Amino acid sequence: MTRSLRLTLAVATAAVAALALSACSGSSSSGSNADGTVTDGKLTIATGEPAYSPWIDDNEPESGKGFESAVAYAVAKELGYSKSDVVWKRSTFDSAIAPGPKDWDLNVQQFSIDAKRKKAVDMSSAYYTTTQAVVTTSTSKAADATTVDALKQDAIGVATGSTSIASVKSVLGVTPQVFNSNDDAVLALKSGQIDAIVTDLPTAFYMAAAQLDDGTVSAQFPSDGKGDQFGFVLPKGSALTSKVDQALEELKDDGTLEDLQTKWLSSETNTPVLK
């Protein structure tokens, strides 16, 4: 055997070995196993760190408590995975929607479905469409206003450019005070200039928990189907995307998504829908 032939065979052997190693080490991106998941027989779901209520209760997604945790387990069940087959990981919001391989199968942390994001990752159909909600303080006269007739008597603030302006006008029949930003509206609420703020429900929960010492989300508007839609993020080209869409369709048709929304975003948070 000539030296050049030995060298050629050595290179070929190394290439085969590298291919074999690559085939065995597919845990860094989705779709390497027969079921299309990063770990065979398991469904790996990621969420933020920390994850906040009412989306994830007590920062414990594995509990199944909180709206997104409950929806994730419902989807897993539709896909054929038991609760013990679900593995939770943590990721940042930005890294989840960035291009590149992922070490999880699904990611859930209030991702608005967006065409630009779909260029880098897959996004499922919607599991939730945001509604408008009322943020106030426990000492405000708006705290107990859970009907349209009661709330329309209060001074309402909204952020400029938000869809909340049109919602207040159409549902309450009044013209709200408009502020340059949500932060300015919060300052006006703290100072007593207004009695309540109307904003989308996710922002309302954040305001009440993080920006107000005695904040509360006292009510939410009836759904008009015009809010942001939240979907699961999946790795680009995931074999699970169409299956997740089908699972969500089943959960929508049988009323499960509506039931979970009522339980975790209304009943558990004492946030009734305005009547």
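What's counted below: heavy atoms across the whole structure, side chains too, no hydrogens, waters or symmetry copies. All of these numbers come straight from a predicted model, not from anything done at the bench.
Judged purely by atom type and a 3.5 angstrom limit, Thr271 has no side-chain atom pairing as donor or acceptor with the backbone of Gln220. With hydrogens and angles disregarded, no donor-acceptor distance shorter than 3.5 Å links the side chain of Ser69 to the backbone of Gly66. Panel note: side chain Arg90, backbone Thr47; no donor-acceptor pair is recorded below 3.5 Å.
In this structure, a donor-acceptor pair under 3.5 Å is present between the side chains of Glu68 and Tyr127. A side-chain donor from one of Thr92 and Ser95 sits under 3.5 Å from a side-chain acceptor of the other. Ser63 and Asp58 share no side-chain donor-acceptor pair at under 3.5 Å. For the residue pair Ser84 / Ser82, a side-chain donor-acceptor distance below 3.5 Å is found, with atom types taken as modelled.
Residue Leu212 is not grouped with residue Val217 when hydrophobic side chains (ILVMFWY) are merged at heavy-atom distances under 4.5 angstrom, including chains of intermediate members. Under a hydrophobic clustering in which Ile, Leu, Val, Met, Phe, Trp and Tyr are joined whenever their side-chain heavy atoms come within less than 4.5 Å, directly or via other members, Phe232 and Leu43 fall into the same cluster. Taking hydrophobic clusters as Ile, Leu, Val, Met, Phe, Trp and Tyr residues chained together by side-chain heavy-atom distances below 4.5 Å, Leu265 shares a cluster with Leu251. Transitive grouping of hydrophobic side chains (ILVMFWY, heavy atoms separated by less than 4.5 Å) keeps Leu189 and Phe221 in distinct clusters.
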### Query
Does the side chain to side chain contact (heavy atoms under 4.5 Å, CB included) test come out yes or no for Lys226 and Thr163, once each step is laid out?
CA-CA 9 Å; Lys226 298 179 181 178; Thr163 57; over 6 Å; no

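Phe205 has its ring centre no less than 6.0 Å from the ring centre of Tyr52.
The shortest side-chain heavy-atom distance between Glu268 and Ser53 does not fall under the 4.5 Å cut-off. Residues Val233 and Trp104 form a side-chain contact, since some pair of their non-hydrogen atoms from C-beta on lies under 4.5 Å apart.
With salt bridges taken as basic N to acidic carboxylate O contacts below 4.0 Å, one links Asp154 and Lys141.
Across all non-hydrogen atoms, the minimal contact from Ile45 to Ala72 is CD1-CB, 3.9 Å. The two residues Ala133 and Leu201 make their nearest non-hydrogen contact at CB-CD1, 3.4 Å.
Within 6.0 Å of NZ in Lys77 there are 12 or fewer heavy atoms belonging to other residues, nucleotides or ligands. Within a 6.0 Å radius of CD in Glu258, no more than 12 heavy atoms belonging to other residues, nucleotides or ligands are found. Within 6.0 Å of CD in Gln110 there are more than 12 heavy atoms belonging to other residues, nucleotides or ligands. More than 12 heavy-atom neighbours from other residues, nucleotides or ligands sit within 6.0 angstrom of CG on Asp259. Atom NZ of Lys116 is surrounded by 12 or fewer heavy atoms from other residues, nucleotides or ligands within 6.0 Å. Other residues, nucleotides and ligands place no more than 12 heavy atoms under 6.0 Å from the NZ atom of Lys65. Residue Asp253 places its CG atom among more than 12 non-hydrogen atoms of other residues, nucleotides or ligands, all under 6.0 Å distant.
The CG atom of Asn270 sits 8.0 Å away from the OG1 atom of Thr216 when rounded to the nearest 0.5 Å.
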